[in-house]
Each structure stands twice: as C-alpha cells, then as structure tokens.
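These notes are about the structure you will find just below.
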Amino acid sequence: MSIVVRPFRRDTSDDAGAKALEARASQHTHNVILSTLVKVHLQHLDSFDSKARKYEGSVVLLAIDTEVKGDGASDDGFVCGCICVGIKDVRLDGKIRKLGYLFDMRVHEDYQRRTIGSQLYKSAESATRDLGAEAIYLSVNSTNKKARSFYERYGYVISSHRALLFTPLLFSGLFGHRAAAAIRSITSQEMAQLFDSMEGSDLSLAGGLTQLFSSCPEKFKNAWVLEAKGPDEESSSLAALTLWDGDGTSSIKIERLLLTPATWKSPLTQVSLLLAGCWVLWLWGLSVWRSPLTVWSALSGACLLFAAVAGTLASAFVRFVTTRRRERARMIAPMAKGPRGIELLRGLVAHAKVTAKRQGFGVAIGNLDILDPRLPAFSSGKRPTSGQTLFMLKWLCSDAPKVCDFSCDNFFDPRDMS
C-alpha cells in the first residue's frame, strides 16, 4: 500500500472517486442486516468541491492508494480518504480573523487505523495555515466519541454546545395559521442592512449578511421583520428572521427503505398498504368485539385504537415525505431586541415553518448555542443542558488568545452545513 495525499483536481476522475467514497462512508456497511433493508447515502448534486468553492478560499485534499485501480479509482489510484476546509474572514474574540471550517473528512473503512486520517488532517492543517488562517473549527456529533477523541488529540477544544432544532413540517399550519398582521416581508438587502447594523458576534462574517447573500443568492428564500412600537426606543421591540434553502451541494439519496422510493410513491403500493391495514384492523376489532369483557380484551381494544392512530399517522407521513420537492429549510440570522423581542421572534419562527411547508420543504432547522438568549423563540421546551452537536476550535497562530469559547449568540453560517 502506497498512500499519497494531494489536492483534489476538478474535471477529472477525482470527482467520481471522492463521491463514491462519501456514498460508502454514509451507509451502514458494517451491519449486514441494516444495509440490506436500508440503503441511504449522501450524494453531491454538483462537483465534489462545490461546497468548498462557496467560501472565499478552500483546501480540498484526497488520499490516494496508488497501488489499487478499478472501481472508485482516480487516474492515479484508489480514493481512500478526503478532507475539506473552507476559509473565511469572521469576527472572533473581538477581531476580524481568517478562520478555516473543516468538513467532509472521510477514510474508507478498509483503510482505517492506518494513520491515513492523521496524514490527511496534518496536510489540511498545514495548507490552511499557509493560507493565513489563525484557527480552524468544525462540527461534530456530541455522541461521536471516536471523532471527538481524534480531534482532541490534535488540540481541539469544545467552543460551543449546539441545539439542533429539527422540526418536521407535516403538521405545521395543519389547523390553520394566521400570521400577525404586523409581519412584514423584506428583501435580502433590507435584511442584511438590518442585521449588519448590529454589533457582530463571534463567527459573524466580516462582510456581514451582505457577504453571505452575495455568495449564495439563490439560497435566500424569505426574510421578515416584526415590530412592536413603544412610547420610547427602550420600550420598543423588534424581531427578524431569514428563511434559507438548506438543500445545498449535497442531499440524502434514499435507494431503499425496505422498499425502493419508486415503490413507496406508487399509488398501487399506498392503496394496497391502506387496504391491508384496514383488513388487519377489522379482524382485530371483530376479535375484540366477540371477546368477553376482561382486562385483556380491554387492553387489546386500547392497542387496536393505538394501532389505528399510528397507522393513520404513518400513512400521512409517507404521503407527506413522498410529495416534498425539497428537504431542508434553515432559519438563520434571528434577531430579537427589546422587552418583547423573544415573543415576536417566536411568531416569526412559526410563520417561517408554515412558509417553508408551502414552498415544498420537508423540515425546518434552527442551529443555536444552548445558551443563546434567542433559543426560547425556537423551542417551548426546557433549555437543554448539553448539545446534540458541538463546535470544536483549534488556534493555529503563535499569539493565540486564551479564550476558546464562542459567544453564546455566535453566528451560524448555513454554508457550513449545506
């Protein structure tokens, strides 16, 4: 085995090799039964490096086994690993700094535990430092102890505990939605001007929302502002929110969930399953009706009712999922000022979810620090004590500040998770 780490080359066989690696890495190939019943993987909608090119600068590297040819191979060998870093100028620790965001680090399962991940990471860190970055940060699932341990070994520390506010839109607006009369739709330019007039928090782009919207103009869907005027400026309140198309450079490709998507979408399949379910429930109900009244028959009747409700919800869910034109809408750049700011923002969040559903999205997602003061506007539940995902940071410069925690109201860049 001879491994070479080199830059990704566009418009070559590198693209197919890197995509094949990522598709395999996101499947359950370690579990034979699960991989037989379920086949889901990430697929890039454009070239493999298209996400990286959304940033002001980027590093995209591949690990190549030059001794292997064939499926998944580029011109000079088999693509067994990859890593990407997007470079951007952001506010951090009170200054504008050049920062790298690390993503899409993969190593083929047959090549793991052979230091290839370390080779990829060290090469990416060196290239990021050469581009002038003062630090690198990344996102990792809080339960992924293997990945966390790897990055901690290279000096990364947790800088933000994230609340992933994931809302399926099946029932959004189901019982009607009456938007507050004062909700005003605004343009991307107006939203950028409003947001950028505030003092920037950690991770906010040097060019503000103006820079974000100009880098991905097709992703902006809507923005709204809601105001409550008071007798003076201190008693007045304002909220604003942006709806962003989160279906970025990659999407979830479902090849099989017990059945293929085409089979699930077939009216014949849906009608057959509905009739089969009704037949089973009818036989079950008939059995309960003819049975003498006992604790077990009452329990069976309760289970029958539960099964009927669950079946109805499952049918509605399958129907909803198979008719969605888009997957993810993201709610970004939330603003809440004044004594009623959170209340107003809560109204905008509800309005954004209904709008996202009408535009064909399946889920609406918010991503905030668990200590963010705006979090109650997105979730009515108890504030979480730990994050579902983590931001981890490593300083690269010699005069690095001691502070590693991002401000609790840090800016979420939707390009990072596209």
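Please read these numbers as outputs of a predicted model, since none were measured by experiment. Note that these values count all heavy atoms, side chains included, but never hydrogens, waters or copies made by symmetry.
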(message) Do R162 and D369 have side chains that approach each other closer than 4.5 Å (heavy atoms only, starting at C-beta)?
(response) yes
(message) Could you go through S236 and R340, starting from their C-alpha distance and side-chain angles, then the distance that decides it, and tell me whether this counts as side-chain hydrogen bond (donor to acceptor under 3.5 Å, both in side chains)?
(response) CA-CA 8 Å; S236 297; R340 295 183 57 197; over 6 Å; no
(message) For a 4.5 angstrom cut-off between non-hydrogen side-chain atoms, does Y55 reach R415?
(response) yes
(request) Inspect the surroundings of CD in E234 and state if more than 12 heavy atoms from other residues, nucleotides or ligands are less than 6.0 Å away. (result) no
(message) Would the distance check show the side chain of S126 and the main-chain N or O of K122 forming a donor-acceptor pair, the cut-off being under 3.5 Å?
(response) no
(request) Using atom types as modelled and distance alone, determine if a side-chain donor or acceptor of S237 lies under 3.5 Å from a backbone N or O of A228. (result) no
(message) Which heavy atom of I96 sits nearest to which heavy atom of A206, and what is that distance?
(response) CG2-CB, 3.8 Å
(message) Between K98 and E56, does any side-chain N to carboxylate O distance fall below 4.0 Å?
(response) no
(request) Kindly give the heavy-atom pair with the smallest separation between G100 and A133, and that separation in Å. (result) N-CB, 4.3 Å
(message) Does this structure show an ion pair linking D76 with R6, if we count only N-O contacts that are shorter than 4.0 Å?
(response) yes
(request) Verify, without hydrogens or angle tests, whether D202 (side chain) and D93 (backbone) share a donor-acceptor contact under 3.5 angstrom. (result) yes
(message) A side-chain contact here means heavy atoms from C-beta on lying under 4.5 Å apart; do T167 and K353 qualify?
(response) yes
(request) Mark yes when over 12 heavy atoms from residues, nucleotides or ligands other than R113 sit less than 6.0 Å from its CZ; otherwise mark no. (result) no
(message) What I'd like to find out is whether the side chain of L203 reaches to under 4.5 Å of the side chain of D413, using heavy atoms alone.
(response) no
(message) What I want to find out is whether D14 reaches K19 closely enough, with some N-O distance under 4.0 Å, to be called a salt bridge.
(response) no
(message) When you measure from the side chain of K51 to the backbone of D416, do you find a donor-acceptor pair of N or O atoms at a distance under 3.5 Å?
(response) yes
(request) Apply side chain to side chain contact (heavy atoms under 4.5 Å, CB included) to L61 and F8, showing your working. (result) CA-CA 5 Å; L61 302 177; F8 173 85; over 6 Å; no
(message) Can you classify the ring geometry of H108 versus Y111 as parallel (below 30°), tilted (30 to 60°) or perpendicular (above 60°)?
(response) perpendicular
(request) Using a strict 4.0 Å threshold on nitrogen-to-oxygen distance, state whether K221 and D245 make a salt bridge. (result) no
(message) Please verify the inter-ring angle class for W224 with H351; under 30° counts as parallel, over 60° as perpendicular, anything in between as tilted.
(response) perpendicular
(message) If we ignore hydrogens and angles and just use 3.5 Å, is the side chain of S123 paired with the main-chain N or O of Q119 as donor and acceptor?
(response) yes
(message) Tell me if the CD atom of Q193 is crowded by more than 12 foreign heavy atoms within 6.0 Å.
(response) no
(message) If I take atom CD1 from residue I332 and atom CG from residue L212, how far apart are they, to the nearest 0.5 angstrom?
(response) 5.5 Å
(request) State, with a plain yes or no, whether a side-chain heavy atom of T389 is found less than 4.5 Å away from one of V140. (result) no
(message) For a quick test of reading the model, state the closest non-hydrogen atom pair linking P373 to I342 and the distance between them.
(response) O-CD1, 3.4 Å
(message) Could you measure the distance from the CZ atom of F220 to the CH2 atom of W244? Nearest 0.5 Å is fine.
(response) 9.0 Å
(request) Verify side chain to side chain contact (heavy atoms under 4.5 Å, CB included) between R148 and L390, making sure each step is shown before the conclusion. (result) CA-CA 9 Å; R148 288 177 59 180; L390 307 170; 3.6 Å; yes
(message) Ignoring hydrogens and geometry beyond distance, is a side-chain donor-acceptor pair present between Y101 and S139 at under 3.5 Å?
(response) no
(request) Establish, yes or no, whether a centroid distance under 6.0 Å links the rings of F391 and H161. (result) no
(request) Kindly give the heavy-atom pair with the smallest separation between G347 and I183, and that separation in Å. (result) O-CD1, 4.5 Å
(request) Would you check if the side chain of N144 reaches a backbone N or O of A147 as a donor-acceptor pair within less than 3.5 Å? (result) yes
(request) State whether D49 and R10 are salt-bridged, where the test is any N-O pair (Lys NZ or Arg NE/NH1/NH2 against Asp/Glu carboxylate O) under 4.0 Å. (result) yes
(request) Supply the atom-to-atom distance D65 CG to R114 CZ, rounded to the nearest 0.5 angstrom. (result) 8.5 Å
(request) Flag the pair R129 and E134 as a salt bridge only when some basic side-chain nitrogen lies within less than 4.0 angstrom of an acidic carboxylate oxygen. (result) no
(message) Testing the basics here: between S58 and I87, what is the closest heavy-atom pair and its distance to 0.1 Å?
(response) N-CG1, 4.0 Å
(message) What's the separation between atom CG in L165 and atom CG in N367, rounded to the nearest 0.5 Å?
(response) 7.5 Å
(request) Kindly give the heavy-atom pair with the smallest separation between S160 and F406, and that separation in Å. (result) CB-CD1, 4.0 Å
(request) Using a 4.5 Å cut-off on heavy atoms from C-beta on, say whether the side chain of L21 contacts that of F48. (result) no
(request) Keeping the roles fixed (side chain from E327, backbone from D247), state whether a donor-acceptor pair exists under 3.5 Å. (result) no
(message) Within this structure, what is the CD1-OG1 distance for the pair I3 and T115, rounded to the nearest 0.5 Å?
(response) 8.5 Å
(request) Please check if the side chain of R383 supplies one atom and the backbone of D372 the other of a donor-acceptor pair under 3.5 Å. (result) yes
(message) I need the L99 CG to L205 CG distance, nearest 0.5 Å.
(response) 10.5 Å
(request) State, without any angle test, whether N222 and T242 hold a side-chain donor-acceptor pair at a distance under 3.5 Å. (result) no
(request) May I ask you to decide if T187's main-chain N or O and E190's side chain share a donor-acceptor pair within less than 3.5 Å? (result) yes
(request) Report yes or no: does S235 contribute a side-chain atom to a donor-acceptor pair with the main-chain N or O of G230 at less than 3.5 Å? (result) no
(message) Using side chain to side chain contact (heavy atoms under 4.5 Å, CB included), reason through C80 and I64 one step at a time and then give a plain yes or no.
(response) CA-CA 6 Å; C80 60; I64 307 293; over 6 Å; no
(request) Evaluate the side-chain proximity of D89 to Q211: yes if any heavy-atom separation is below 4.5 Å, no if none is. (result) no
(request) Determine whether L241 and M335 make a side-chain contact, defined as any pair of heavy atoms from C-beta on separated by less than 4.5 Å. (result) no
(request) Carefully, step by step, assess R97 and V90 under the rule side chain to side chain contact (heavy atoms under 4.5 Å, CB included). (result) CA-CA 6 Å; R97 303 176 184 270; V90 303; 5.5 Å; no
